[in-house]
Each structure stands twice: as structure tokens, then as C-alpha cells.
Amino acid sequence: MSNKTLKMAHIERNESQPREYFDPAKLQELADSIKEYGLLAPILVRHLGPNRYQIIAGERRWRAHQLLDAITIEAKIQGESDDLRAFKMSMTENVTRADMLPLEEARGYDRILTEEEGATEATVAADFGKTVPYIKQRLALLKLTPEVAEQVDAGNIGTQAAVKLAELTDGNQRAVLAKWARGDFAGDNQLVHFAFALRQQQDQEVCMIVEDMTVEEREERARTQTKTRNTLDGIERIRGLLDGLVKMDPADLALALEGEVAARLEQMDRVADAVQKARFALRQAKAHSEAREIIVNAEAVSAEAVNAEAVSAA
């Protein structure tokens, strides 16, 4: 592999390289750094023909040179290299960068699996220093609808939430995205829980109409509802007792619990732990309740989304 100063005009980008988006602000920062300190590492290219070179690695540096109106750039010239090998070298450079978009990475792994003979998720993971579950999660993103994928690429929806959304049908993804756009989720954590609940329900028949239930099913539902509500009402009464403890002077409380303060504090810790777990269960229940609304109205949601797309296209 030899080093050479090449004319910028003789170098072209690889149209099939994994990176599609380059942050303009970060490119300008790189250009400013190169202007002040010079190019610290040459780009890697392959020879295509007379005065023709294609970038294998270093497109950001090449673009930064364009911003500087540079005439030449330092480059390492790779020997003969087929398209897929060049692509994998470019992927190797980019997968460790924080600004590589998750879907760009996913499409890169997918291309290798499609074009490289004998490639598996395990071999791809080994090639790029990743785990197999990591590769599977990235590939799952390819099931996202274009609308959701756009928000993921923009950084508005995190990768963990995106993986959960990718498990949903297209109609359910659009329905969740509509809720997300309305601001119904406080953050990615709530979005993850909601998508998980919806995934559990979308392949199941959900019995929501009381008229369709047998007499025994109605009676059982009524008993469960009464018991659960009574339990929560009882907790509310306990909260009133706790308020009484809060209002006591700490010194008086110590005298009232003489010899038992440590044990009672442990008791309160157990109560606090149980309350935290119950609160989490109720949050999940809330996600399931809202998810059922989407499942029951799935056809209406899909029709609404289709109509909205038609209006947008017009």
C-alpha cells in the first residue's frame, strides 16, 4: 500500500458506502482542524483507472478538504479490491463513530449478509467486533416504517425504543408514532414500555366487549375488578395513616417507638419497595390499557394513516 498526493478532482466517493448523512457542523469543525493542524491521517482509496480513485475510508476528511477548496489530499492507495471488500473496509471505519446513523449501520450489515458468500450474523459480528444480539437488533430496524425510521435517523427516537417499535405491524407503528407526535410519552422509557405492551397484544384476540362474554366470564371480571379496586382503596387509607406519622415531631416519634425505631424503619423500607413495584405494575397496566385501544381500533388507525398519506402526497 503506497502513499501519494492526489488531486481532489481525481477522487470520487463510493456511492454505495454505508454512510449517507454527514453533519455539516461537524464537517466544518473537521475542516477548521485540518486547516490549523493539517491532515493527521491520509484517506484510503482504490485505483479505478487513469486519474480515477474511489474512497474506501476517509470521506469525512475528503469532504472537509472540499470545504477548504483544497486542490490535493494525501491518500493511501489500496491494491486491487472488489466492491464488497471496499464496502466492508468503509464500514469498519464508520461503525465506531457516534454519528453513524443506526439505520445506515443496519443497511450495511444487511448488504454484507446478502452479498458475501457464507456470511452469517455471527461472522458479521466477529468482523466488526460486535455481539450477535447487537447485529440482530440493528437488522431489526430495517422493519421500521419510513415515518418511524425518519424519526430514528433524526435522533428523536432512541435505538432501544426503535427496536421495540420494529416488532410491531406497520399499522401499529403508525398508531404509536401518532401518539408520540402528540407528546403522549414523557420519554423513550415510556415509549419502550408501551411498544412492549402493544407487541404482546397485537397477535392476540383481545376481549373488550362485555356483551361477547359468557355469564361466568362477566362474573369473574366483576369480582376481579371489585377486589382490585378495594385493594387500591385500602392503600389510600394507609396513605392517610402515613401522613399522620409524617406530621409527628421526630423526637416524639422516637419516644413512641422506643426500642423499635430500627425495626420499624426496616418495615417502612419493605413497604416503600412494595409501593415502587406496584407503581411499576400500574404503569405497565396503563400501557396495556392504551395499547388495547390501538388494537381494537387498528383498522380505523390504518385507514386514517393511509388517508393522511394521500392528502400529504396530493
Does one hydrophobic cluster hold both [X] and [Y], with members joined at side-chain heavy-atom distances below 4.5 Å?
X      : Y      : result
Leu27  : Ile11  : no
Ile238 : Leu257 : yes
Leu103 : Phe22  : no
Met268 : Ile235 : no
Val124 : Val95  : yes

In plain terms, say whether [X] and [Y] are close enough for a salt bridge, that is, a side-chain N and a carboxylate O under 4.0 Å apart.
X      : Y      : result
Arg221 : Glu217 : no
Lys143 : Glu167 : no
Asp233 : Arg229 : no

Looking at [X], I want to see if its [atom1] is surrounded by more than 12 non-hydrogen atoms of other residues, nucleotides or ligands under 6.0 Å.
X      : atom1 : value
Leu265 : CG    : yes
Gln160 : CD    : no
Glu150 : CD    : no
Gln225 : CD    : yes

Mind listing the closest non-hydrogen atom pair of [X] and [Y] along with its distance?
X      : Y      : answer
His10  : Asn51  : CB-O, 3.3 Å
Trp62  : Ile43  : N-CG2, 4.4 Å
Ala75  : Val45  : CB-CG2, 4.1 Å
Leu113 : Thr120 : CD2-C, 3.4 Å
Leu191 : Ala161 : CD2-CB, 3.9 Å
Ala162 : Val152 : CB-CG2, 3.6 Å

If we only count heavy atoms from C-beta on, is the [X] to [Y] side-chain gap below 4.5 Å?
X      : Y      : value
Phe194 : Asp184 : no
Ile77  : Leu44  : no
Phe87  : Ile56  : no
Thr114 : Asp110 : yes
Arg174 : Asp170 : yes
Ile55  : Asn14  : no
Asp153 : Tyr21  : no

* Asked: Can Leu144 and Leu141 be said to form a side-chain contact (heavy atoms from CB on, under 4.5 Å), step by step?
  -> CA-CA 6 Å; Leu144 292 172; Leu141 298 180; 4.1 Å; yes
Once rounded to the nearest 0.5 Å, what's the spacing between atom [atom1] of [X] and atom [atom2] of [Y]?
X      : Y      : atom1 : atom2 : value
Arg138 : Glu104 : CZ    : CD    : 11.5 Å
Asp23  : Leu101 : CG    : CG    : 10.0 Å
Arg237 : Leu232 : CZ    : CG    : 10.5 Å
Lys7   : Ile73  : NZ    : CD1   : 15.0 Å
Met100 : Glu105 : CE    : CD    : 5.5 Å
Arg63  : Leu30  : CZ    : CG    : 12.0 Å

inquiry  = Determine whether Met8 and Gln66 satisfy the following criterion, side-chain contact (heavy atoms from CB on, under 4.5 Å), listing intermediate values before the conclusion.
reply    = CA-CA 8 Å; Met8 289 284 291; Gln66 287 182 320; 3.5 Å; yes
Between Arg239 and Asp243, does the salt bridge (Lys or Arg N to Asp or Glu O under 4.0 Å) criterion hold? Intermediate values first, please.
CA-CA 6 Å; Arg239 187 187 65 81; Asp243 284 344; 3.0 Å; yes
State whether the side chain of [X] and the backbone N or O of [Y] hold a donor-acceptor pair below 3.5 Å, judged by distance alone.
X      : Y      : value
Gln173 : Leu168 : yes
Asp273 : Asp269 : no
Asn94  : Ser90  : yes
Glu121 : Val132 : no
Thr231 : Lys227 : yes
Thr228 : Thr224 : yes
Arg61  : Ala41  : yes

Residue pair Thr226, Asn230: steps toward the side-chain contact (heavy atoms from CB on, under 4.5 Å) verdict | CA-CA 6 Å; Thr226 300; Asn230 287 342; 3.5 Å; yes
**Message:** Determine whether Glu116 and Arg111 satisfy the following criterion, salt bridge (Lys or Arg N to Asp or Glu O under 4.0 Å), listing intermediate values before the conclusion.
**Reply:** CA-CA 8 Å; Glu116 184 173 68; Arg111 177 183 171 184; over 6 Å; no
Applied to residues 126-175, the ring pair (Phe, Tyr, Trp, His ring centres under 6.0 Å) test, sequence neighbours excluded, yields Tyr109-Phe128
Does the side-chain hydrogen bond (donor to acceptor under 3.5 Å, both in side chains) test come out yes or no for Gln276 and Arg279, once each step is laid out? CA-CA 5 Å; Gln276 184 177 6; Arg279 186 179 182 187; over 6 Å; no
Determine whether Arg223 and Glu220 satisfy the following criterion, salt bridge (Lys or Arg N to Asp or Glu O under 4.0 Å), listing intermediate values before the conclusion. CA-CA 5 Å; Arg223 284 193 294 270; Glu220 179 60 29; 2.8 Å; yes
### Message
So that I know where these two stand, are His193 and Phe280 an aromatic pair - ring centroids less than 6.0 Å apart?
### Response
yes
task = Run the numbers on Leu48 and Arg46 for side-chain contact (heavy atoms from CB on, under 4.5 Å), then give the verdict.
result = CA-CA 6 Å; Leu48 297 181; Arg46 61 172 175 160; 4.1 Å; yes
